[in-house]
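Below you'll find the structure, written out as structure tokens, and then a few comments.
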Amino acid sequence: MEALEMHVSKAGDAGVLQPRQVILPPPGPSQVRVKIEAAGVAYADIVMRRGLYSSAKPPVTPGYDFVGRVEAVGAEGSAFQIGQRVAGVTVSGSYADRRNVEARWLVPAPEEADAAALAAVVLNGVTAWQMLHRVAQAGADEWILVHGAAGGVGSLLLDFARLAGIKAIGAASRGKHDTVQSRGGVALDYQAEDVAARARAISGGGVVAAFDHIGGRHFRKVSLLALKPTGVGVLYGGYDATRGGKVHPLAIADMMLNSRFSAFALFGKSQSVATYAIPAWRDLRAQIYRDDLATVLKLVAEGAISPLVGEVLPLRDAAKAHRAMESRSVSGKIVLIP
């Protein structure tokens, strides 16, 4: 079976993403073959393309997640039927029109929902849901702080907070405040305001959780300073180190220097630091991962949330998608359609 994929043969700028035809073998015993309907574009894909993603270096086909339909089942059989719609987190390989994938990574996907909308909540939705409910365990009427609140993960954090009765403060550039406010967040301009001080003032003493994709000094001097006693800083990225799709040695040094925390200082306020990376949850807490993915897909199908899809592009325009993400010209999720 032939498949088209957008492949990175060597690390480089967006231009290294090139189409190639490959022959797919039959799915392995624990796999299914899927015809992909939509694949999400993640910042991790850019890090991967640059050769900075430790577990998936070039040559590699990026693609962290997808929505598609089962075409064939491996020898061990599967709970999935031929033609059934599925979704899953793959980490790499989903910039393709079809692929083989481990069945344990998949859940059924709603038939009635738009493929791009579903793709927008696979990686981003599970990340936001698990950070809010599994890691931070924020409760109704508590305050949280969301950085990058108009982005793919940030906007979903606002959505899930609203559904749970959690109050949210969203940091974003001035031009994206309408997005934050439309999702129930109190918008702060991170370029013009002291975000930590404003978050403490708005929340009446600090937030119960701050969600930070930037890292380094920002995590230490903004997110942690915004916390109330008993609060948790949740780190889920290191955007500063690869901002704009380029390596920034000073930012990497900053992350190293600011990665040490005084346990005694945190202890004094009963505060904590947590990290989140979805591959560990997918592989080591598999049933929870599948349950949470099914939950966020159902919320889309029911119309409870409307994920922010910034742009939908043909698969062959993967390089254009990467350039748009690197330039931060698009709010929300970018989705590729084979």
Side-chain angles (χ1 to χ4, degrees), residues 1-8 14 16-22 24 27 31-50 53 55-56 58-71 80 84-103 105-111 113-128 151-153 156 245 278-279 282 289 293 296-297 300 307-326 330 332-338:
M1 171 68 70
E2 283 196 350
L4 170 71
E5 61 182 24
M6 296 302 295
H7 187 70
V8 174
V16 300
L17 277 161
Q18 293 294 321
R20 73 170 187 174
Q21 294 288 145
V22 297
L24 280 182
Q31 295 182 323
V32 297
R33 186 177 74 234
V34 294
K35 181 176 176 59
I36 294 176
E37 294 180 74
V41 178
Y43 198 79
D45 301 338
I46 293 173
V47 177
M48 199 177 296
R49 191 200 75 218
R50 285 287 183 180
Y53 201 93
S55 63
V60 65
T61 298
Y64 222 97
D65 58 359
F66 78 92
V67 173
R69 293 189 181 275
V70 176
E71 284 191 329
F80 300 111
Q84 186 173 4
R85 204 181 208 187
V86 293
V89 171
T90 57
V91 178
S92 62
S94 292
Y95 284 7
D97 61 1
R98 52 176 43 86
R99 61 162 297 170
N100 293 328
V101 61
E102 293 295 326
W105 295 345
L106 306 178
V107 301
E111 289 287 343
D114 175 70
L118 292 175
V121 299
V122 180
L123 169 62
N124 289 0
V126 175
T127 296
V153 173
L156 287 167
I278 198 171
R282 183 197 66 179
Y289 152 78
L293 176 53
V296 297
L297 293 172
V300 175
L308 184 60
V309 178
E311 191 166 12
V312 178
L313 294 169
L315 175 63
R316 287 179 178 271
D317 283 346
K320 181 180 178 181
H322 277 216
R323 292 186 185 103
M325 181 166 281
E326 288 170 339
V330 175
K333 189 74 170 180
I334 302 174
V335 177
L336 299 175
I337 303 294

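These figures come from a predicted structure and were not determined experimentally. Side chains are part of it too, since the values below use all heavy atoms of this structure and drop only hydrogens, waters and symmetry mates.
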Self-check item: Criterion side-chain contact (heavy atoms from CB on, under 4.5 Å) on Phe66 and Leu336, from CA distance to verdict
Solution: CA-CA 9 Å; Phe66 78 92; Leu336 299 175; over 6 Å; no
Exercise. Please step through salt bridge (charged side-chain N to carboxylate O under 4.0 Å, His left out) for the pair Arg85 and Glu111, ending with a clear verdict.
Key: CA-CA 7 Å; Arg85 204 181 208 187; Glu111 289 287 343; 5.0 Å; no
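Here the side chain of Tyr95 pairs no donor or acceptor atom with the backbone of Asp45 at under 3.5 angstrom. Panel note: side chain Tyr43, backbone Met325; no donor-acceptor pair is recorded below 3.5 Å. A donor-acceptor contact shorter than 3.5 Å links the side chain of Asp97 to the backbone of Leu4. Between the side chain of Asp317 and the main chain of Lys320, no donor-acceptor pair closer than 3.5 Å is present. Using a distance-only test at 3.5 Å, with no hydrogens or angles considered, no donor-acceptor pair links the side chain of Thr127 to the main chain of Ile278. Panel note: side chain Lys35, backbone Gly68; no donor-acceptor pair is recorded below 3.5 Å.
Looking at heavy atoms from C-beta onward, Tyr64 lies out of side-chain contact with Ser94 at the 4.5 angstrom threshold. In this structure, Val300 and Pro110 have side chains that are not in contact, with every pair of non-hydrogen atoms separated by 4.5 Å or more. Side-chain contact between Pro59 and His7 is present, with at least one heavy-atom pair separated by less than 4.5 Å.
Between Arg33 and Pro27 the shortest heavy-atom distance is N-CB, 4.0 Å. The two residues Tyr53 and Pro279 make their nearest non-hydrogen contact at OH-CG, 4.3 Å. Contact between Arg99 and Ser92 at its shortest, heavy atoms only, is NH1-O, 2.6 Å. Among all heavy-atom pairs drawn from Ala56 and Met48, the shortest one is O-CG, 3.0 Å. Across every non-hydrogen atom of Pro338 and Leu315, the tightest pair is CA-CB, 3.8 Å. Closest non-hydrogen pair, Ala117 versus Asp114, comes out as N-OD2, 3.0 Å.
Here Glu326 contributes atom CD and Arg50 contributes atom CZ; the two are 6.0 Å apart, rounded to the nearest 0.5 Å. If you take CD on Glu71 and CD1 on Ile36, they are separated by 10.0 Å, rounding to the nearest 0.5 Å. Atoms CD and CZ, from Glu5 and Arg20 in turn, are 4.5 Å apart once rounded to the nearest 0.5 Å. Atom NZ of Lys333 sits about 4.0 Å away from atom CG of Asn124, to the nearest 0.5 Å.
Of the candidates Asp65, Leu297, Val121, Leu293, Val126 forms a side-chain contact (heavy atoms from CB on, under 4.5 Å) with just one, namely Leu293.
For the pair Glu102 and Arg282, the salt-bridge criterion is not met [side-chain N within less than 4.0 Å of a carboxylate O].
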